[in-house]
Amino acid sequence: MPLRIVVGLGWGDEGKGKVVDHLAAGSLAVARFSGGANAGHTVKVDGGTIVLHQVPSGMLRSGTAGFVGSGCVVDPVAMLEETRALASSGYPVGDRLRVACSAHLVHPAYKLVEEEEERARGSSAIGTTGRGIGPAYVRKFARRGIRLEDALDRHVIASMSDAILEGTAVPAGRGEALGAASEAFVDAACELSARAADIGRLVDAILEGGGDVIAEGAQGTLLDPDHGTYPYVTSGSCTASSAFQSLGIGPRPAEVAGVMKAYSTRVGGGPFPTELSCSTGEELRRKGNEYGATTGRPRRCGWLDAVLMRYSVAVNGCSWIALTLLDVLGGFPSIEVCTAYEGDLHRDLRVGRGLERCRPVYTPLPGWSADIRGERCWDALPREARRYVEFLESCCGAPVRMISTGPHRDDVIRRTP
Ligand code: IMP
């Protein structure tokens, strides 16, 4: 299928970066369709670790172009820093990176606004990444935002930036730093405007010419503002159908790959039925190195929730699943999978209020002791690991066609139908 959409099935951090990087080997372009600098997509390549935040993951492949869709919110200062860091690591993006003219920009004042909103929420704080994402989407939909195209004329964006500063309640002692950050914002936005493009036209041209495009999501289905665990969600749409809207192309047949971690993690607040606040949760965190790629925060960990994963597979219309971090489960004598909630009321739930009251019912499966890190052959996996994968396929309602067994870009098992 020429168009492949890659989405997270959980609360983000499923390992989408690695999956996209792997699939990008044969693709002409990777087009990011959601989020902004809140994302952290990690790819291990040539002995080094690259964390991408706004630059599409597939751009580490030198022949692949990177597009950023209109549904993303772009921090121009961070974006330029990221491209410079990539160039100094040996991965220059050159003129392969293009950003939608209509993508909204994250002004530094938005981070202050967000800080204040989080403080006001007290114990119900969302636990955001602090990158100004929520306020950027608020201004977009309130029709008061700044778009990349506004930076094509320096006078226009400078006066818009001034208006935002005038309308922001700046805490004492922060005015000077904000003024300097706003100047840097205007400079960076003007520089970035050289990359402004009509992304829909670029994607259509590649698809019409018979080339492959990957639409890369950010965050995950359970953080989607419509279909996730509202209000503990992000502010940009994360599900497969939003790829068309963000990139500015019409709906058409596409292969949808849902990326699912072999266990569950979450950062920030909100319900998490299978969270383990015991030594097993700590062991998952330690073995999986579960610390945020953007903020460094320790992630909350727990067993895989097949009730929620089945829901996410349905919401996205997944063609197949990419299962990541399977190697982390090696050494657990028994592995639990949540297959229902108590009372069995929620087998086919739509995620909404009340999830925090759901108590998981687990099905235990035998673990395996062998270290499968880096394994690239399905038949070489321990019988128990294969059984675990097949069990997840039957619970979640989609085949597992790709398994990641280690951090390196080629630590992958591909399964064909
Ligand atoms: P925001 O996107 O910074 O507004 O944060 C809203 C929620 O989404 C918080 O719980 C964040 O921790 C979470 N979040 C945002 N981006 C990511 C991500 O890339 N991975 C995991 N969680 C994320």
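Just so it is clear, the structure is predicted and the values come from calculations on it, not from any experiment. These numbers come from the heavy atoms of this one structure, side chains and all, not from hydrogens, waters or symmetry mates. This chain uses plain numbering: 1 for the first residue, then up along the sequence. Just follow the structure's listing: the first ligand is 1, and inside any ligand the first atom is 1.
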Between [Y] and [X], is the closest basic N to carboxylate O distance under 4.0 Å?
| X | Y | answer |
| --- | --- | --- |
| Glu290 | Arg299 | yes |
| Lys111 | Glu114 | no |
| Asp21 | Arg61 | yes |
| Arg376 | Asp411 | yes |

What protein heavy atom sits nearest [atom], and how far away is it?
| atom | answer |
| --- | --- |
| atom 20 (N) of ligand 1 | Asp13 OD1, 3.0 Å |
| atom 16 (N) of ligand 1 | Gln219 NE2, 3.2 Å |
| atom 3 (O) of ligand 1 | Thr129 OG1, 2.6 Å |
| atom 22 (N) of ligand 1 | Val267 CG2, 3.4 Å |
| atom 5 (O) of ligand 1 | Thr128 CA, 3.4 Å |

Pick one of side chain, backbone, both or neither for how Trp11 approaches ligand 1, counting any non-hydrogen atom pair under 4.0 Å.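 It is the backbone that touches ligand 1; the side chain stays farther off.
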
Would you call the rings of Phe332 and Trp303 parallel, tilted or perpendicular, where under 30° means parallel and over 60° means perpendicular?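 Phe332 and Trp303: perpendicular rings.
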
For [X], is the nearest heavy atom under 4.0 Å from an atom of ligand 1?
| X | result |
| --- | --- |
| Val233 | yes |
| Ala39 | yes |
| Arg297 | yes |
| Ser235 | no |
| Arg131 | no |

Might you work through the ring-ring contact (aromatic ring centres under 6.0 Å, His included) test for Trp11 and Tyr232, ending with a clear yes or no? CA-CA 10 Å; Trp11 287 287; Tyr232 295 96; over 10 Å; no

More than 12 heavy atoms of other residues, nucleotides or ligands under 6.0 Å from CD of Glu255: is that the case?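 More than 12 within 6.0 Å, yes.
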
Does Ile133, backbone or side chain, put an N or O under 3.5 Å from an N or O of ligand 1?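 No: no nitrogen or oxygen of Ile133 is under 3.5 Å from one in ligand 1.
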
Numbered atoms of ligand 1 (with element) below 4.0 Å of [X], judged on heavy atoms:
| X | result |
| --- | --- |
| Ile126 | 6 (C), 10 (O) |
| Gly268 | 10 (O) |
| Gly127 | 9 (C), 10 (O), 11 (C), 12 (O) |

Return the option from Thr234, Leu223, Leu222 holding the heavy atom at the smallest distance from atom 14 (N) of ligand 1.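 It is Leu223 that holds the nearest heavy atom.
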
Could you check whether any side-chain heavy atom of Leu148 comes within less than 4.5 Å of a side-chain heavy atom of Ser102, counting everything from C-beta outward?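 A side-chain contact under 4.5 Å is absent here.
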
Evaluate the side-chain proximity of Ile403 to Arg414: yes if any heavy-atom separation is below 4.5 Å, no if none is.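 No, their side chains stay 4.5 Å or more apart.
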
Is the terminal nitrogen or CZ of Arg415 (NZ for Lys, CZ for Arg) located under 6.0 angstrom from the six-membered ring centre of Trp378 and within 45° of that ring's axis?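 Flagged: Arg415 positioned over aromatic ring of Trp378.
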
